[in-house]
Amino acid sequence: MITPTVVVFVPGILGTQLTLDGEVVWPGTVLEYVRGYDRMDQLLDNRTVAGDIIRSFGPMKQYVTLVDDLARCGYSEVVSPRTLYVLGYDWRKDNSMSASLLADQLDEVVRIHGAAVNIGVVAHSMGGLVARYYLESGEYAERPAFARVCQLITLGTPHRGAALALAAARGDIPRLFLSKEQVKALANHTDYPSLYQLLPPQDEPFLWDEAVAAGLEPVDVYAPAMAHQLGLSLENLASAQRFRSGLSLERRPSHVRYFSFYGTAQKTITSMRLTSAGGGPQVRPFDAENGGDETVPVWSAGLNGVQGLPVGGEHGTIFRDDALRLTLASLLGKKGVLAGEPQRTTVLVPKHVVAPEERMTIQLAFATPTAVLQGSIAFRRVTIQDDDAVGIAAPFGKPSAIQYSGSHLNRLEFTVTAPEFAGFYEAVYTSALDGD
């Protein structure tokens, strides 16, 4: 196995900062997370440009943890010449355009490090599709860096699409700062087709007709008549098909080792069901326990004939999973570097935005299988000052007691009631057995 001398990281959709006239448009502020995002005009403005990857926002860490892990493996943004590069790109736009930016970045690496450099690409979520388009479309095979890429590692990439993308395109679900209506407006803007490019391809039967006569027959969302019934953009669907035509494992370069990490432990939308409730076509998600990483189903994030590893964790932070971190270090030639003492118990909150007093799912993930559990979950309210300045307040409300005794488990899922007042909270687990 060839070990990369330089790593380039490609983030996923929503994972790059966007600015307009020097002002941050994306991500929103902590206040907007609670009260609603109020910069849609700027987000839809074609003068808005990409900046750095989102390393953190408010009290929430994002890619900073992965960048830190890559630094522990010897890939640094600080040393000269750098051995770690991050690709901030405009995640709203056609992913083929983002692949062109990746090509430019990789060529710059060769210019700086020389023609003998070996490049590894680590990509999260949609970033994996951007990287695959670069490698498989044939458009970049003659570029200086193409022959120097030796490895592609994908983290929770929807290689065969995500059923969730249909719900987003129709405006049926909110995402992060954006309301349902805002998600729909962005997804259906013809200058910004990237979300449509996360739909499963035409030959992936992810939407099933629930009509008795249909017998769960698959439905083609790309067919113009059906697309019209579902309220989808024909132009963005065509863009999705053009982009997908550039992805093919049959055109995978023989000199590049592929490896995929895919989540398996979260309740995930694995398919959609077409119904006629209410007199018109409606789409209902079908959730499967342990069906994926909460966003990308298992059947999509792995690749047939490609080496991969099933892991826990949820989509947005899958790179914090201990099994993933240990394996990632080995793939980068640094076996054991990330084998520090893992947390005994990790709190996972798959759904980050809920309504007051909504029943919500929380998971506890254990570093070692656990047969006895006794403790409590409490919410702590995050105080907001000067918009993004934050501090953690005392526990809010009555803690929820948790007890378990039985077979050894790697994780335990349960439901609690969200706080009654709107705000920004973190969930904290306290063990009555060992003080964790």
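Keep in mind that this is a model prediction, so the values were computed, not measured.
From C150, atom SG reaches atom CG of N118 across 5.0 Å, with rounding to the nearest 0.5 Å. The structure places OG of S137 at 7.5 Å from CZ of R251, a figure rounded to the nearest 0.5 Å. Within the model, atoms CG of L309 and OG1 of T327 stand 4.5 Å from one another, a figure rounded to the nearest 0.5 Å. The OG1 atom of T275 sits 6.5 Å away from the CD atom of E210 when rounded to the nearest 0.5 Å. Put simply, CG on L186 and OH on Y37 are 9.0 Å apart, with the number rounded to the nearest 0.5 Å. Once rounded to the nearest 0.5 Å, the distance linking CG of N95 with OG of S100 reads 12.5 Å.
Screening T83, I119, V122 for a side-chain contact (heavy atoms from CB on, under 4.5 Å) involving V7 leaves a single residue, V122.
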**Study point:** Stepwise side chain to side chain donor-acceptor pair (under 3.5 Å) test for S194 and R92
**Key:** CA-CA 6 Å; S194 64; R92 304 171 302 167; over 6 Å; no
Practice item. Could you walk me through whether R284 and L274 pass the side chain to side chain contact (heavy atoms under 4.5 Å, CB included) test, one step at a time? Key: CA-CA 6 Å; R284 181 177 65 85; L274 184 67; over 6 Å; no
Exercise for review: List the steps, then state whether side chain to side chain contact (heavy atoms under 4.5 Å, CB included) holds for V8 with L106.
Suggested key: CA-CA 8 Å; V8 175; L106 296 175; 3.7 Å; yes
Practice item. Go through R55 and Q17 one step at a time and tell me if the side chain to side chain donor-acceptor pair (under 3.5 Å) criterion holds. Key: CA-CA 9 Å; R55 297 170 189 263; Q17 185 183 75; over 6 Å; no
Exercise for review: Take E32 and R39 through the test salt bridge (Lys or Arg N to Asp or Glu O under 4.0 Å) and record every step on the way to the result.
Suggested key: CA-CA 9 Å; E32 286 175 319; R39 284 178 277 181; 2.5 Å; yes
Exercise for review: In sequence, state the C-alpha distance, the side-chain angles, and the governing distance for D94 and D191, and then conclude on side chain to side chain contact (heavy atoms under 4.5 Å, CB included).
Suggested key: CA-CA 8 Å; D94 193 312; D191 287 342; over 6 Å; no
Check your understanding: Going through the distances and angles, do H124 and F9 end up as a ring pair (Phe, Tyr, Trp, His ring centres under 6.0 Å)?
Key -> CA-CA 8 Å; H124 177 232; F9 171 61; 7.4 Å; no
Practice item. Check the pair V121, I153 against side chain to side chain contact (heavy atoms under 4.5 Å, CB included), reporting the backbone distance first and the verdict last. Key: CA-CA 6 Å; V121 177; I153 300 171; over 6 Å; no
Exercise for review: Go through the steps to decide whether E217 and R273 satisfy the test salt bridge (Lys or Arg N to Asp or Glu O under 4.0 Å), and finish with yes or no.
Suggested key: CA-CA 10 Å; E217 281 291 318; R273 307 299 170 87; over 6 Å; no
Point to revise | Stepwise side chain to side chain donor-acceptor pair (under 3.5 Å) test for S125 and H315 | key: CA-CA 8 Å; S125 190; H315 181 73; 2.8 Å; yes
Check your understanding: Are Y196 and H189 close enough, and set up right, to give a ring pair (Phe, Tyr, Trp, His ring centres under 6.0 Å), and what steps lead you there?
Key -> CA-CA 10 Å; Y196 271 72; H189 195 296; over 10 Å; no
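Using a 4.5 Å cut-off on side-chain heavy atoms (C-beta onward), T295 and R175 make contact. Under the 4.5 Å side-chain criterion, counting only non-hydrogen atoms from C-beta, R72 is in contact with D68. In this structure, the side chains of L176 and W26 come closer than 4.5 Å at one or more pairs of heavy atoms. With a 4.5 Å cut-off on side-chain heavy atoms, V67 and I53 count as touching. For the pair D293 and F261, the minimum side-chain heavy-atom distance is 4.5 Å or more. Looking at L332 and T3, their side chains never come closer than 4.5 Å, going by heavy atoms from C-beta outward. L328 places a side-chain heavy atom less than 4.5 Å from the side chain of L66. Between V86 and D52 there is a side-chain heavy-atom pair separated by less than 4.5 Å.
Aromatic ring centres of F286 and W208: separated by at least 6.0 Å. For an aromatic pair to be called close, the ring centres must be under 6.0 Å apart, and Y140 with Y134 satisfies this. Side-chain rings of Y258 and H159 stay apart, their centers remaining 6.0 Å or farther from each other.
Atom CG of D203 sits in a crowded spot, with more than 12 heavy atoms from other residues, nucleotides or ligands closer than 6.0 Å.
A salt bridge links E108 to R111: at least one charged side-chain nitrogen sits closer than 4.0 Å to a carboxylate oxygen. Between R143 and D107, at least one side-chain nitrogen of the basic residue sits less than 4.0 Å from a carboxylate oxygen of the acidic one, meeting the salt-bridge criterion.
Looking at E204, its side chain never comes within 3.5 Å of a backbone N or O of F206 through a donor-acceptor pair. In this structure, the side chain of S233 engages the main chain of N236 through a donor-acceptor pair within 3.5 Å. Judged by distance alone, with hydrogens and angles left aside, the side-chain atoms of S300 form no donor-acceptor pair with the main-chain N or O of P297 at under 3.5 Å. Proximity of a side-chain donor or acceptor of Y89 to a complementary backbone N or O of P11 within less than 3.5 Å is detected. Between the Q151 side chain and the V256 main chain, no donor and acceptor come within less than 3.5 Å of each other. The closest donor-acceptor contact from the side chain of N188 to the backbone of A169 lies under 3.5 Å. Between the side chain of S330 and the backbone N or O of K335, no donor-acceptor pair lies under 3.5 Å. No donor-acceptor pair under 3.5 Å is formed between the side chain of Y262 and the backbone N or O of L303. Without hydrogens or angle criteria, T16 side chain to G88 main chain gives no donor-acceptor distance under 3.5 Å. Although no hydrogens or angles enter the test, the distance criterion places a donor-acceptor pair under 3.5 Å between the side chain of Q62 and the main chain of G316.
Taking all atoms of both residues into account, the shortest heavy-atom contact from S56 to K61 is CB-CA, 3.9 Å. Residues P201 and R160 come closest through the heavy atom pair CD-O, 3.4 Å. Nearest approach of L43 to W91, heavy atoms of both residues: CD1-CH2, 4.2 Å. A pairwise comparison of heavy atoms in W299 and T270 identifies NE1-O, 3.1 Å as the closest pair. Q42 approaches V25 most closely through the heavy-atom pair CB-CG2, 3.7 Å. The shortest heavy-atom contact between P285 and I269 is CB-CD1, 3.6 Å.
Relative to the six-membered ring of Y85, R82 meets both conditions, a distance below 6.0 Å and an angle of at most 45° to the axis. For the pair R325 and F319, the cation-pi criterion (under 6.0 Å, within 45° of the ring axis) is not fulfilled.
Side-chain atoms of Q202 and D220 include a donor-acceptor pair closer than 3.5 Å.
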